[in-house]
Amino acid sequence: MCGIVGYIGKKQAAPVILDGLERLEYRGYDSAGMAVYDGSRLQIAKSTGRLNVLYNHTRGGEALPGFVGIGHTRWATHGMPNDVNAHPHVNKSGTIAVVQNGIIENYLALKKKLTDKGYEFVSDTDTEVLAHLLDYYYNGDPRKTIIKMIGHVEGSYALGIVFADHPDVLYGVRKECPLIIGVGKDEYFMASDVTAILKYTRKVVYLNNLEIAELREGGMEFCTVDEDKIEKETVTVDWDVSAAEKGGYEHYMLKEMMEQPKVVRDTLSPRIKKGEIVIEELAMTDAELANVKKIFIAACGSAYHTGVTAKYIFENLARVPVEVDLASEFRYRDPLLEKNDLVIVISQSGETADTIAALRMAKEAGCRILAIVNVVGSTIAREADFVMYTWAGPEIAVATTKAYSAQMAALYLLAMKLAKVRHYLHGRKQQAMLNDLMKLPEQIELLLNNREEIQRIASRFIAAKYVFFMGRGIDYAICLEGSLKLKEISYIHSEAYAAGELKHGTISLIEEGTLVAAVSTQPSLYPKILSNIKEVKARGAVVLSITTMGNIEIEKESDYVITLPESNPLFFDSLAIIPLQMLAYYIAVGRGCDVDKPRNLAKSVTVE
Ligand code: G6P
């Protein structure tokens, strides 16, 4: 997501920080800023847009004198991209400056508390609460103040902090978001990503969760939140810049797949409070929501596939009729939209031309529009009535993975909320579903850690001419996405089939050695898919099954089996898609394809 760079040493800090921020540009950002202590106070410079605006504004940093400072490139999550929302954020007297990467989940509650105590907020960000909270607890001892603040903050974050009355120290702390310390000769760096500092040093200390770094020109110290000192190992990184940008992974796509546990957690956990789903962005009363007669979902590409899965979940759980359309079809098919129908548009970029057109058409018809979007301030986010952000951070690989997973997570929350207000979900059933929901991030991690097995399977199918995916119900929706991933990046023709349709066409294409990926996660449909597996096997297919644990019959019939951890059947999209993403990835890598930038495809399709 956002980029952090900090410096303390003998050099002028601002040019070093700008240089570091420039090296983080590849991550995507919408605004940037710096805070530098100039010998008497903290000087702040911020600007929206490209880094060269900040560069020109500060004459390459020359205009900000001083030897300690923090900088930030922002990728908006809370509040539009503009100068006020750009980091650093400061307390009222301008003596404490903070930059943050992450999400402060309880920022609204903290903001209210601080407002009641007379604090005034200038931005819409979650980060500004941290500057005021530090101010509120400040007792002249920055370390103790930071520890106190952390005790009140929920979420995942990495922070760089400077205090004007302790300008000889640069502070850093993290929880779940990365923060590293670069070790130079009588100088120290802080960064969200090693790329930012490789030019200056290859000696790095990796901060762990809830460890506090204190960097002085003369040395560095680390402590825990109990103020126990810790010794940290300095390691030498031998990555080149290109590897460092990808977090050491070979491709952005792999890096982004590996980020999925975090983005799913970040989408879910701020919206689950005290055992209830709270979607503050959806400003409709429970009664209004309960009265929604029909839901339409319109989206393109992978976002459409999350909609297909959502239809099954919404109808099953909340008993509300859902129509799901490709946005390019929806806009021309003259759908029977009624005033007050709820139209959900789903988009990573928020700029997809057909999805925007679908939104505008539905708005014109008097529908209420809920957008599930990743990019804050995008066209879809601006034009929708309600926006649920997915907070997956910038996605660089053209083929989406982490944004898809975050969209799915947002849709689970919506389905459960809807089921609750319509009285289909409560008590133990709700609790059990919430438990399963919260287990998803670690289960996704488990599956990602199993990637060597998928790599081994993938290596056998690098020369495949075509691949079929089959499943029923939600499993069919999963197949649509699995098939798209494979064809997008490996250029192998693939098709997803509702398994019941096999006999109406596809089966004639099965030959000796054809790979068929069979997804079976829905207990009520196991016998059906088992018959389909037998049918394709009888015609020579090689079957890779993605299924739940203990499904002996299906395991026996399949050539390869990937088992998924236990969950609620309605949540299996999030688990089954992981091996399918990896299958596509490793087959494409094996074929020497440009995985991150597949031919002819664009990340954001802004024309019809
Ligand atoms: C392109 C991308 C896909 C994406 C689709 C919809 O085809 O390659 O990954 O799913 O557009 O984009 P959106 O930004 O609206 O989610």
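Start at 1 and go down the list; that is how both ligands and their atoms are numbered. Only this structure's heavy atoms are used, side chains among them; waters, hydrogens and symmetry mates stay out.
- In this pair, His87 and His72 present their aromatic rings parallel. The plane angle is below 30°, not in the 30 to 60° band.
- The main-chain N or O of Ala397 is found under 3.5 Å from a side-chain atom of Glu256 such that the two form a donor-acceptor pair.
- Looking at Ala399, Ala602, Gly301 and measuring to atom 8 (O) of ligand 1, the nearest heavy atom belongs to Ala602.
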Please table the atom pairs, donor to acceptor, closer than 3.5 Å between any side-chain atom in residues 365-376 and protein atoms at least two apart or in another chain.
unit_1	atom_1	unit_2	atom_2	d
Arg368	NH2	Asn340	O	2.7
Asn374	OD1	Thr390	OG1	3.0
Asn374	OD1	Trp391	N	3.4
Asn374	OD1	Ala392	N	2.9
Asn374	ND2	Gln348	OE1	3.1
Asn374	ND2	Gly393	O	3.0

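- Numbered from 1 in the order shown, with element, the atoms of ligand 1 that lie under 4.0 Å from a heavy atom of Ala303 read 10 (O), 16 (O).
- Of all protein heavy atoms, the one closest to atom 2 (C) of ligand 1 is Lys603 O, 3.5 Å.
- Proximity of Val398 to ligand 1 is established by a heavy-atom distance of less than 4.0 Å.
- Set against the non-hydrogen atoms of Gln348, the atoms of ligand 1 under 4.0 Å away are 13 (P), 14 (O), 15 (O), 16 (O).
- Close contacts between ligand 1 and Ser347 involve ligand atoms 13 (P), 14 (O), 15 (O), 16 (O) [criterion: under 4.0 Å to a heavy atom].
- For the pair Asn101 (side chain) and Ala158 (backbone), a donor-acceptor distance under 3.5 Å is absent.
- Of the listed options Thr401, Thr355, Ile356, Thr400, Thr400 places a heavy atom closest to atom 9 (O) of ligand 1.
- For Gln407, no nitrogen or oxygen atom sits less than 3.5 Å from a nitrogen or oxygen atom of ligand 1, counting backbone and side chain alike.
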